[in-house]
Protein chains: 2
Amino acid sequence: MSIRKVADLAGVAPITVSRVINTPDKVKTDTRERVQRAIDRLNYVPNLAASTLSSKRSRIVAILVPTLSNPMFSDVIQGLADVLRAEDYHLIIGDTRYSQATESTLAMEMLGRLPEAMVLTGPIGDERVRRLLARAGITVVQIWDLQPSGTIDSAVGFNNYAAAHAMARHLVEAGYKRIGFMAMVGDERAKERRCALAAYLAERGMAPTFEALPPRFDPMYDPSSDFVRLIDQHPETDAVFCASDMLAHLAVFACQRRGWAVPGRLALAGFGDLPLSAKTVPTLTTIRVNQYEIGRRAGEIIINRARSGRRRPDIQDLGFEIVRREST
Amino acid sequence: MSIRKVADLAGVAPITVSRVINTPDKVKTDTRERVQRAIDRLNYVPNLAASTLSSKRSRIVAILVPTLSNPMFSDVIQGLADVLRAEDYHLIIGDTRYSQATESTLAMEMLGRLPEAMVLTGPIGDERVRRLLARAGITVVQIWDLQPSGTIDSAVGFNNYAAAHAMARHLVEAGYKRIGFMAMVGDERAKERRCALAAYLAERGMAPTFEALPPRFDPMYDPSSDFVRLIDQHPETDAVFCASDMLAHLAVFACQRRGWAVPGRLALAGFGDLPLSAKTVPTLTTIRVNQYEIGRRAGEIIINRARSGRRRPDIQDLGFEIVRREST
DNA sequence: GGCGAAAATGGTAGCGGTACCATTTGGGGA
DNA sequence: TCCCCAAATGGTACCGCTACCATTTTCGCC
């Protein structure tokens with residue numbers, strides 16, 4: 001089933017069928033309708049591999065995220081998908097499982113599809129990949145935490161360090177003095193938040209009571225029991241900054257089981273503002289970053305680039321917001 | 001940057017480079033190494049559009065889900081992605097936003113990429129799409145709820161109706177008499193669960209106190225306040241079956257705000273067994289369906305098909321499990 | 001050393017579109 | 001009516017790779 005068959009049936013040249021599909025207003029109305037009928041009759045579906053090869057326009061965008069299971073990233077993807085679908089782009093998704101090596105491999109493989117843009121989560125560690133991407137001449141949008149070093153082209157996100165710093169400040173100003181830190185398995189970006197917390201506390205002459213970064217990819221890791229153990233080991237702790245909302249919620253539930261009042265005995269704060277976090281009892285203090293909007297903006301950068309052809313790096317800091325709720 | 005340049009640099013024919021990439025053991029070791037060096041030197045990345053066109057093997061799998069924001073579906077995708085990555089497939093993802101029309105459009109567009117398989121959520125309503133898919137000769141795997149009618153080829157999932165029926169039975173046998181039903185916005189599949197509940201209750205001479213199916217795509221829909229209103233309108237209700245775990249959790253939190261004991265004043269059950277659901281206070285009674293495994297099995301069907309070339313429909317019922325916890 | 005079969009490599013054509021330029025058609029103004 | 005320019009349509013080559021078959025090389029064995 002090729003464009004030629006359609007052309008024969010419609011009594012036109014193949015190129016005219018191509019025009020009906022791609023630039024319909026360059027074809028006279030009755031010709032267009034005739035061709036359209038032939039397309040419908042034959043159930044013709046254009047071969048996009050051939051189109052890509054010939055036109056060098058793939059209408060593909062590739063995105064790499066650490067995981068699909070975290071709502072933060074699926075919301076980003078949703079935002080990106082919403083924008084791109086309207087422009088007939090297709091989305092190739094890869095999850096790196098928080099592994100640098102997998103990220104490199106996937107990025108190179110995906111380049112073979114000639115994507116018109118590549119969306120990556122955070123900075124690129126691999127020098128070779130960075131070179132390849134830059135040389136490929138495609139739009140590269142790095143999302144999530146903005147980091148001047150390691151940005152190839154454009155970026156949309158927020159300042160991860162500043163966000164954690166602000167949360168540390170919020171906790172201290174709310175009167176908490178013995179603050180702990182805890183992260184979810186695999187969350188590399190959490191390290192920066194830990195540093196920000198420690199740095200702020202140091203400014204005020206304090207230090208974290210504990211800084212729990214679980215080993216990567218430990219399948220036995222149980223945040224709840226780990227949390228309880230940490231508090232038992234550091235009973236003076238009066239607040240814990242959790243590197244994700246889900247972790248914070250689990251901590252709240254663990255407290256409730258133990259009969260520890262939140263925030264009375266222990267204050268808890270998270271990161272990411274899940275829809276859930278405004279509804280739990282108590283509601284959760286957190287850092288909101290509007291993941292959906294990050295995805296949308298990334299999509300807009302890609303589309304504007306494709307339309308204008310201009311190649312001007314665009315760094316958008318969408319900021320963050322400390323949402324103070326009942327848990328602190 | 002083409003295979004030709006690599007071939008020239010390595011002093012071989014283009015086809016030999018192709019072999020090094022696709023069937024390396026058909027090339028003598030020293031030739032292979034020479035070619036590999038040329039590939040590395042030139043940073044050559046094979047053009048998969050050309051490869052697809054020529055070989056008619058795209059190494060692409062397309063998947064359509066109702067939404068990416070629901071962890072149920074992102075877990076399915078994660079399972080699928082894990083299996084397919086090992087075989088160098090790429091995943092094109094589309095979300096239909098629970099719209100039949102979008103599903104049809106996306107499916108047809110994606111066919112243009114010549115995917116080797118297409119994974120769809122649930123039955124296909126559109127006759128034309130069904131025909132096109134069947135004619136395309138690709139593997140089609142329908143996931144989630146198994147429905148004999150509307151299955152094109154293979155399927156992996158569970159019996160949605162039976163699951164809801166079993167939950168109804170659980171609630172009745174636990175002694176609850178006035179049972180309500182509530183679904184999340186957009187969840188079409190919830191209708192079947194409502195029917196199953198109503199049918200079971202009818203068998204026992206009962207009827208649901210309410211059956212709340214919110215209007216589709218109402219952005220103002222607030223499950224929590226809606227829930228409270230429903231209970232106020234039907235105060236005799238002693239249990240609510242929620243069509244998703246998240247909805248059930250929101251209901252629990254609303255109860256806690258109102259001072260209604262769960263399950264003392266009101267029992268709550270969900271669907272999907274989120275990781276969260278075993279940790280909340282109270283823990284949530286729910287129906288577990290192992291979404292990740294559904295994705296994995298779908299991937300295995302696809303790969304086996306690709307390897308063996310056989311085309312035998314494969315229907316796998318992975319079942320479900322009523323997980324009784326504290327909330328009922 | 002010569003033979004034959006298997007392994008390794010190469011030449012050619014074509015996958016299904018679109019870019020580029022050429023040609024034909026249409027229509028308004030002199 | 002003719003001319004000219006714009007709109008509409010068509011012919012040809014080529015995008016980068018691989019299927020298919022042909023050819024060359026290798027190697028075990030008599």
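Letters A, B, ... are given to chains in the order of the sequence lines, protein chains preceding strands, and every chain is numbered from 1. Since we're looking at a predicted model, the values are computed, not measured.
Look at B:Thr16 and you won't find any side-chain N or O under 4.0 angstrom from OP1 or OP2 of C:dT9.
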Please tabulate, one pair per line, all N/O donor-acceptor pairs under 3.5 Å involving side-chain atoms of residues 46-53 of chain A, not counting sequence neighbours.
| unit_1 | atom_1 | unit_2 | atom_2 | d |
| --- | --- | --- | --- | --- |
| A:Asn47 | OD1 | A:Ala49 | N | 2.8 |
| A:Asn47 | OD1 | A:Ala50 | N | 3.0 |
| A:Thr52 | OG1 | A:Leu48 | O | 2.7 |

Only pairs under 3.5 Å count here: list side-chain donor-acceptor contacts from residues 292-309 of chain B, not counting sequence neighbours, and write none if there are none.
| unit_1 | atom_1 | unit_2 | atom_2 | d |
| --- | --- | --- | --- | --- |
| B:Tyr292 | OH | B:Asp82 | OD2 | 2.5 |
| B:Glu293 | OE1 | B:Arg296 | NE | 3.2 |
| B:Glu293 | OE2 | B:Arg297 | NE | 2.8 |
| B:Arg296 | NH1 | B:Glu300 | OE2 | 3.0 |
| B:Arg296 | NH2 | B:Glu300 | OE2 | 3.2 |
| B:Arg297 | NH1 | B:Gln316 | OE1 | 2.5 |
| B:Asn304 | ND2 | B:Glu300 | O | 3.3 |
| B:Arg305 | NE | B:Arg310 | O | 3.3 |
| B:Arg305 | NH1 | B:Thr139 | OG1 | 3.4 |
| B:Arg305 | NH1 | B:Asp153 | OD2 | 3.2 |
| B:Arg305 | NH2 | B:Asp153 | OD1 | 2.8 |
| B:Arg305 | NH2 | B:Ser154 | OG | 3.4 |
| B:Arg305 | NH2 | B:Arg312 | O | 3.3 |
| B:Arg307 | NH1 | B:Glu87 | OE1 | 3.4 |
| B:Ser308 | OG | B:Asn304 | O | 3.0 |
| B:Ser308 | OG | B:Arg310 | N | 3.1 |

Report, one line per pair, each donor and acceptor closer than 3.5 Å where one atom sits in a side chain of residues 5-16 of chain B; sequence neighbours left out.
none

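Residue pairs meeting the ring-ring contact (aromatic ring centres under 6.0 Å, His included) criterion with at least one partner in residues 103-128 of chain B, sequence neighbours excluded, are absent. For residues 127-138 of chain A, the pairs satisfying salt bridge (charged side-chain N to carboxylate O under 4.0 Å, His left out) are A:Glu127-A:Arg130, with sequence neighbours left out. Sorted by first and then second residue, the pairs that involve residues 54-70 of chain A and meet salt bridge (charged side-chain N to carboxylate O under 4.0 Å, His left out), not counting sequence neighbours, are A:Arg57-A:Glu116. Within the structure, the salt bridge (charged side-chain N to carboxylate O under 4.0 Å, His left out) test picks out no pair touching residues 27-50 of chain A (sequence neighbours left out).
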Letter by letter from the 5' end, nucleotides 14-24 of chain C scores (B base, S sugar-phosphate only, - none; protein heavy atoms under 4.0 Å) BBBBBB-----
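The two residues A:Met110 and A:Gly94 have their closest heavy-atom pair at CE-N, 3.6 Å. Contact detail for B:Ala62 and B:Pro115: the closest heavy-atom pair is N-CB, 4.1 Å. Contact detail for B:Val156 and B:Leu146: the closest heavy-atom pair is C-CD2, 3.8 Å. Here the closest heavy-atom approach between residue A:Ile21 and residue A:Pro24 is recorded as O-CD, 4.3 Å.
Overall, the helix from C:dG1-D:dC30 to C:dA30-D:dT1 carries an axis bend of 30° between its ends, with five pairs at each end and the value rounded to 10°.
For DNA chain D, none of the residues of residues 104-117 of chain A falls under the heavy-atom distance limit of 4.0 Å.
For the pair B:Thr121 (side chain) and B:Leu64 (backbone), a donor-acceptor distance under 3.5 Å is present.
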Do any N or O atoms of the protein come closer than 3.5 Å to N or O atoms of nucleotides 5-8 of chain C, and which pairs are they?
none

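Qualifying ring-ring contact (aromatic ring centres under 6.0 Å, His included) partners for B:Phe73, counting only residues two or more places apart in sequence or in other chains: B:Trp144.
Atom pair B:Asp8:CG and D:dC17:P shows a separation of 12 Å (rounding to whole Å applied).
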